[in-house]
Amino acid sequence: MGILLPKNRCNIGYQTGVSLVMTTTVTQQPPIVIAHRGASGYRPEHTLAAYKLAIEMGANFIEPDLVSTKDGILIARHENEMSQTTDVVNHPEFAHRRTTKIIDGEVKNGWFTEDFTLGEIKTLRAKERIPQIRPQNAVYDGKFDIPTFQEIIDLVKGKTIGIYPETKHPSYFQSIGLPLEEPLLEVLHGNGYRGDKAPIFIQSFEVNNLKQLSQKTDLPLVQLLNDTGKPYDVNFSYQDLATVAGLRDIAEYALAIGVNKNLVVPRDRNNKLLSPTSLINDAHGVNLLVHAWTFRNEDFFLPLDFQGNPQGEYELFFGLGIDGVFSDFPDIGLRTIEV
Ligand code: G3P
Ligand code: CA
């Protein structure tokens, strides 16, 4: 699978709840659907079961967030504190490992991946993060273990599907002598991922580890942008990065930006959509792809404009010329593209 670059685009118009929006561009190829933490709307996130289901659904990429174990093995978890998505609290043999740390400036209490060997982590079982919203997923609590990055790669071998790994807390892991980047490249190169056409995007909310990676690999890189705050490792904001000047800087080391949806279509304080920003066109103007996160079915996450109609949200973003969507429900994104 090659990497999709923004090419010539045609006019598309669509009607949102607020206004008719015209965009001047649309991708040459269909947008990609990235299974966010696997098909995490249907299975507990970051389990092989969630990734397998996403592959069966036809997702173009599966997305593992990566952290390190004590013995330097990359595993798929959204954060290094494990109590929200594993049964570690039910393991009395690990009770003494509970501790408090400051991770990226925030106080966190619990059990941390870097204090456990892979062998110990393999005794834990995954659980649903938001059982109150996804009770259908909680029935799988206790059934699946925590996968390594290598196990996820093994899952996609021989299949037409890309991987979209994210380095989580890279400065923190560097500071404790467990940098993520070296094992990441070692695993990827060892599995044949090389060059800018490889079916992979490597993403980070931080800036410097991406810049350093760009010196070490040709694999495509993605700068993540949130709608508030700043990357942990620099003194400028995500808003600064989303300016034309900021995007131009990103284009020096990355192929794409992965953005909070609100940076493309902001919401007002009543959760209603406002007019789209120029971010997609600005990014395309400096040859950056734009992938947006996170598309979810539940009304809890949807803007007022699309309550009960998650497909409408995809249609909106596809109409604006987005190049890819991170989705907990990849089947819905794919179905929208097919229509
Ligand atoms: O990596 C894109 C998107 O997944 C960022 O959000 O917090 O789910 O990793 P998060
Ligand atoms: Ca992620």
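As the structure lists them, so they are numbered: ligands from 1, and atoms in each ligand from 1.
Heavy-atom separations between Phe205 and ligand 1 include at least one value shorter than 4.0 Å. Contact annotation: His291 has no heavy atom less than 4.0 Å from any atom of ligand 1.
Shown here is Lys101, whose NZ atom has more than 12 heavy atoms of other residues, nucleotides or ligands within 6.0 Å.
Relative ring orientation between His46 and Tyr51 is described as tilted, the plane-to-plane angle lying within the 30° to 60° band. Between Phe94 and His91, the two ring planes are parallel [angle under 30°; tilted spans 30° to 60°]. Ring geometry for Phe61 against Phe201 counts as tilted: the plane angle lies between 30° and 60°, on a 0 to 90° scale.
The protein non-hydrogen atom at the shortest distance from atom 9 (O) of ligand 1 is Lys168 NZ, 2.7 Å. Atom 4 (O) of ligand 1 has as its closest protein heavy atom His36 NE2, 2.9 Å.
The contact set between ligand 1 and His78, taken as ligand atoms under 4.0 Å from a residue heavy atom, comprises 7 (O), 8 (O), 9 (O), 10 (P). Residue contact check: Leu224 has heavy atoms under 4.0 Å from atoms 1 (O), 2 (C) of ligand 1. Listed by atom number, the atoms of ligand 1 under 4.0 Å from Gln203 heavy atoms are 1 (O), 2 (C). Listed by atom number, the atoms of ligand 1 under 4.0 Å from Arg37 heavy atoms are 7 (O), 8 (O), 10 (P). Within ligand 1, the atoms closer than 4.0 Å to a non-hydrogen atom of Glu63 are 1 (O), 2 (C), 4 (O), numbered from 1 in the order shown.
For Trp293 and Tyr164, the ring centers sit 6.0 Å or farther from each other.
Cation-pi geometry between Lys230 and Tyr238 is not met: the NZ or CZ atom fails to fall both under 6.0 Å from the ring centre and inside 45° of the normal.
The atom of Asp65 that is an N, O or S and sits closest to the Ca ion (ligand 2) is OD1. The Ca ion (ligand 2) sits nearest to atom OE2 when only the N, O or S atoms of Glu63 are considered. The closest approach of Glu166 to the Ca ion (ligand 2), by N/O/S atoms, is made by OE1.
Of the possible polar contacts, one joining the Glu151 side chain to the Thr148 backbone as a donor-acceptor pair under 3.5 Å is found.
In the model, Asp71 has a side-chain atom that pairs as donor or acceptor with a side-chain atom of Thr69 under 3.5 Å.
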